[in-house]
Chemist: 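Sharing a structure with you now.
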Amino acid sequence: MKQRTLGTAGPAVSAVGFGAMVLSPGIYGTVDDTDSIRTLHAVIERGVTLIDTARLYGDGHNEALIGR
């Protein structure tokens with residue numbers, strides 16, 4: 001996976017990121033935590049290190065999943 005540096009001296013992250021909004025129930029309907037964690041493992045195994053999330057997505061649920 002290609003890497004990019006954030007800013008002039010920031011960390012190197014994968015050139016492709018993963019948008020984590022889909023991991024929590026809401027706009028996209030219901031989701032299963034087991035499937036969400038399986039998805040996270042799959043993107044990490046492929047070299048993705050940039051995971052876009054926000055507390056707004058599931059009121060912190062995404063961060064808890066990513067932490068697991």
Side-chain angles (χ1 to χ4, degrees):
M1 174 71 64
K2 290 184 179 181
Q3 299 281 306
R4 302 281 191 263
T5 301
L6 297 179
T8 57
V13 297
S14 57
V16 175
F18 175 73
M21 187 166 87
V22 299
L23 300 179
S24 293
I27 295 173
Y28 298 108
T30 59
V31 294
D32 178 78
D33 283 356
T34 302
D35 289 337
S36 295
I37 291 171
R38 190 176 304 130
T39 299
L40 285 167
H41 281 279
V43 299
I44 292 167
E45 287 169 7
R46 286 163 178 78
V48 174
T49 59
L50 177 63
I51 300 174
D52 172 47
T53 188
R55 184 172 168 80
L56 176 69
Y57 307 158
D59 194 28
H61 183 74
N62 285 2
E63 287 80 3
L65 285 173
I66 292 166
R68 289 173 43 191

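Everything numeric in this text was worked out from a predicted model, so none of it was measured.
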Chemist: Within the structure provided, determine whether V22 and T39 are in side-chain contact (heavy-atom separation under 4.5 Å).
Modeler: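 Not touching, per the 4.5 Å side-chain cut-off.
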
Chemist: Over all heavy atoms of both residues, which pair between T5 and G10 is shortest? Give the atoms and the distance, please.
Modeler: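 Reported closest heavy-atom pair: CG2-O, 3.3 Å.
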
Chemist: Donor-acceptor pair, N62 side chain versus A20 backbone, under 3.5 Å?
Modeler: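 Side chain of N62 to backbone of A20: a pair is present.
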
Chemist: Could you work out, with side chain to side chain contact (heavy atoms under 4.5 Å, CB included) as the rule, every residue matching I37, not counting sequence neighbours?
Modeler: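 Expected list: H41, L65, R68.
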
Chemist: Compare all side-chain heavy atoms of V31 with those of L23 and state whether any distance is below 4.5 angstrom.
Modeler: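 No, their side chains stay 4.5 Å or more apart.
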
Chemist: So, taking the atom named CG in L40 and the one named CD in E45, what distance separates them when rounded to the nearest 0.5 Å?
Modeler: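 That separation rounds to 11.0 Å.
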
Chemist: Just to verify, what does V48 make a side chain to side chain contact (heavy atoms under 4.5 Å, CB included) with, not counting sequence neighbours?
Modeler: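 For V48 the side chain to side chain contact (heavy atoms under 4.5 Å, CB included) partners, ignoring immediate neighbours, are M1, S14, F18, V43.
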
Chemist: Find the distance between CZ (R4) and OG1 (T49) and round it off to the nearest 0.5 Å.
Modeler: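 OG1 of T49 is found 11.5 Å from CZ of R4.
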
